[in-house]
Amino acid sequence: QVQLVESGGGLVQAGGSLRLSCAASGRTFSIARYAMDWFRQAPGKEREFVAAISRTGASSYYVDSVKGRFTISRNNAKNTVYLQMNSLKPEDTAVYYCAARLYGSTWLSTSGEDDYWGQGTQVTVSS
């Protein structure tokens, strides 16, 4: 019923940029009720948290390795969240997943306790 679909991945050279999109669908579903997260998983490695954004977009948080290079944003009217990735490095190569998360008083969580997940989009950064 509820789907999150990532797009925008691809092959890019080191130093380049990509913008990932995560489009939500489902009858009556609105991302406005959720914090939105991006995770990534490289081959042979555990899934890791990348970025999070609060319901209105007023707050965001990033893993140290992407701070200053990645920007998470959202457009609730379009039911879409974005991840702008600049100055890409080969170590950014991974499948990137979008996720939606309900929360109470504390908006931030990096543990993957999300309610909905996308199928992932491949990002490959060549050297």
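In this pair, Trp117 and Tyr97 present their aromatic rings perpendicular. The plane angle is above 60°, beyond the 30 to 60° band. Classified by interplanar angle (parallel below 30°, tilted 30° to 60°, perpendicular above 60°), the ring pair Phe70/Tyr96 is tilted.
Hydrophobic clustering (side-chain heavy atoms under 4.5 Å, transitive across Ile, Leu, Val, Met, Phe, Trp, Tyr) groups Val125 together with Val50. Under a hydrophobic clustering in which Ile, Leu, Val, Met, Phe, Trp and Tyr are joined whenever their side-chain heavy atoms come within less than 4.5 Å, directly or via other members, Val5 and Leu83 fall into different clusters. Val12 and Tyr82 fall into different hydrophobic clusters, defined by Ile, Leu, Val, Met, Phe, Trp and Tyr side-chain heavy atoms under 4.5 Å apart, directly or through other members.
Shown here for Leu11 and Ser126, the closest heavy-atom pair between the two residues is CD1-CB, 4.3 Å. Closest of all the heavy-atom pairs between Leu4 and Ala100 is CD1-N, 3.8 Å. What you find for Pro90 and Ala14 is that their closest heavy atoms are CD-CB, 4.1 Å. In terms of heavy atoms, Leu102 sits closest to Asp115 at N-OD2, 2.9 Å. Nearest heavy atom pair, residue Ser17 against residue Ser87, reads OG-N, 4.3 Å. Across all their heavy atoms, Ser21 and Thr80 have their closest contact at CB-CG2, 4.4 Å.
Checking side-chain atoms of Asn79 against main-chain N and O of Phe29 turns up a donor-acceptor pair under 3.5 Å. A side-chain donor-acceptor contact under 3.5 Å links Glu6 to the backbone of Gly120. The closest donor-acceptor contact from the side chain of Tyr62 to the backbone of Arg69 lies at 3.5 Å or more, if one exists at all. At distances below 3.5 Å, at least one donor-acceptor pair connects side-chain atoms of Arg74 with backbone N or O atoms of Ser54.
Atoms CG and CD, from Leu18 and Gln84 in turn, are 8.5 Å apart once rounded to the nearest 0.5 Å. For the atom pair CE (Met36) and OG (Ser73), the distance works out to 11.5 Å, reported to the nearest 0.5 Å. Tyr116 contributes atom OH, which lies 9.0 Å from atom CD of Gln1 (distance to the nearest 0.5 angstrom). Note that CD1 of Ile31 is 12.5 Å distant from CZ of Arg55, once rounded to the nearest 0.5 Å. The distance from the CZ atom of Arg40 to the CZ atom of Arg47 is 13.5 Å, given to the nearest 0.5 Å. Here the OG atom belonging to Ser109 is positioned 7.0 Å from the CG atom belonging to Asp114, to the nearest 0.5 angstrom.
By the 6.0 Å contact criterion, CD on Gln122 is enclosed, its count of non-hydrogen atoms from other residues, nucleotides or ligands being greater than 12. Within a 6.0 Å sphere centred on NZ of Lys45, heavy atoms belonging to other residues, nucleotides or ligands number 12 at most.
Under a 4.0 Å N-O distance rule, the pair Asp92/Lys89 does not qualify as a salt bridge.
Test Asp37, Leu108, Ile72 against Ile53 for side chain to side chain contact (heavy atoms under 4.5 Å, CB included) and you get one pass: Ile72.
The aromatic ring centres of Trp107 and Tyr61 sit 6.0 Å or more apart.
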